[in-house]
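Notes for the one structure printed next.
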Amino acid sequence: MSDLHPAHMPKIIAHRGASGSAPENTIAAIRRAAELGARAVEFDATVSADGVALVMHDFNVERCSDGHGPVVLKTLEEVEKLDAGGWFDPRFAGEPIPTLKRALETVRATDMMPNLEIKPTLGWEEPTARAVAQTLRETWPMDRPVLVSSMSPLALDAFRDLMPGVSLGLIVYAIPENWRQRLKDHHCHSLHCYRDFVTYDLVQDVHALDARLHVYTVNTLDMAKSLFAMGVDAVFTDHPENLLELL
Ligand code: G3P
Ligand code: MG
């Protein structure tokens, strides 16, 4: 098995941190995931106008902060003034949109393994991949496992050119007919898909390529059990507390 194989990825991955009980993609959500016993955490990385890698899911800051407009039009200084916690619960008011550096340092202080999803604003795939690679290189010890994934082939390819030693995952929603070719073309060792598209045959076919199948978003114990019974390798959950007995 190659060093790039994500076989070390734990089977329960907190999705956007423990986003069911803390504001998604914040330091509070990452810490909460560790408190709940998760051993792996996923979060989304994008980039600011001045090229700083940030942790955020959307192209725009509206849904998860008190700001407005596209994140790529804001500098780090502007982003840092936003409140990314109050929308979720007043208890989290003042929680900032974290830099990727701060998020990785927080994960590093726990025993969790990061799955860093490159989530570029459409059109900004290369700058996002560059910022992520630079931050990872500066912040994460490369003898510790990390899985980088993306829905964007452009981002995956740009990232791999800069950091060829990092394990990559391809995220889709539905399973495309040419998923095998896509994994091969973008040097990915895991396929990440939405839960409704998992079949026993798919799991077998993914494993036959010595790849792994990771499934989102799985918030109930029954659903997680049935996916693991089919042979799924890992699930993303907003509620690690619901899957404690599998942790
Ligand atoms: O990586 C799994 C999942 O996070 C992909 O979907 O939209 O939650 O980033 P999304
Ligand atoms: Mg994600």
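When a residue number appears, it is its place in the shown sequence, counting from 1. Remember, it's 1-based here, ligands and their atoms both numbered in the order they're listed.
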Salt-bridge criterion met for Lys119 and Glu125 (N-O under 4.0 Å) = no
N-O pairing of Glu105 and Lys101 below 4.0 Å = yes
Could you count the protein N, O or S atoms found under 2.8 Å away from the Mg ion (ligand 2)?
-> 3
What residue pairs, at least two apart or across chains, pass ring-ring contact (aromatic ring centres under 6.0 Å, His included) with a residue in residues 29-71?
-> none
Evaluate the ring planes of Phe197 and Tyr173, with Trp represented by its six-membered ring, and classify them as parallel (under 30°), tilted (30 to 60°) or perpendicular (over 60°).
-> perpendicular
His192 meets the ring-ring contact (aromatic ring centres under 6.0 Å, His included) criterion, sequence neighbours left out, with His214, Phe236
Cationic N near anionic O, under 4.0 Å, Asp205 to Arg180 = yes
So which residues, sorted by chain and number, lie with a heavy atom under 4.0 Å of ligand 1?
-> His15, Arg16, Glu42, Asp44, His57, Glu117, Lys119, Met151, Ile171, Tyr216, Phe236
Let me know which of Arg130, Arg137, Glu138 forms a side-chain hydrogen bond (donor to acceptor under 3.5 Å, both in side chains) with Gln134.
-> Glu138
Does the side chain of Asp83 come under 3.5 Å of the side chain of Ser65 through a donor N or O and an acceptor N or O?
-> no
Side chains of Met113 and Arg144: closer than 4.5 Å at any heavy-atom pair?
-> no
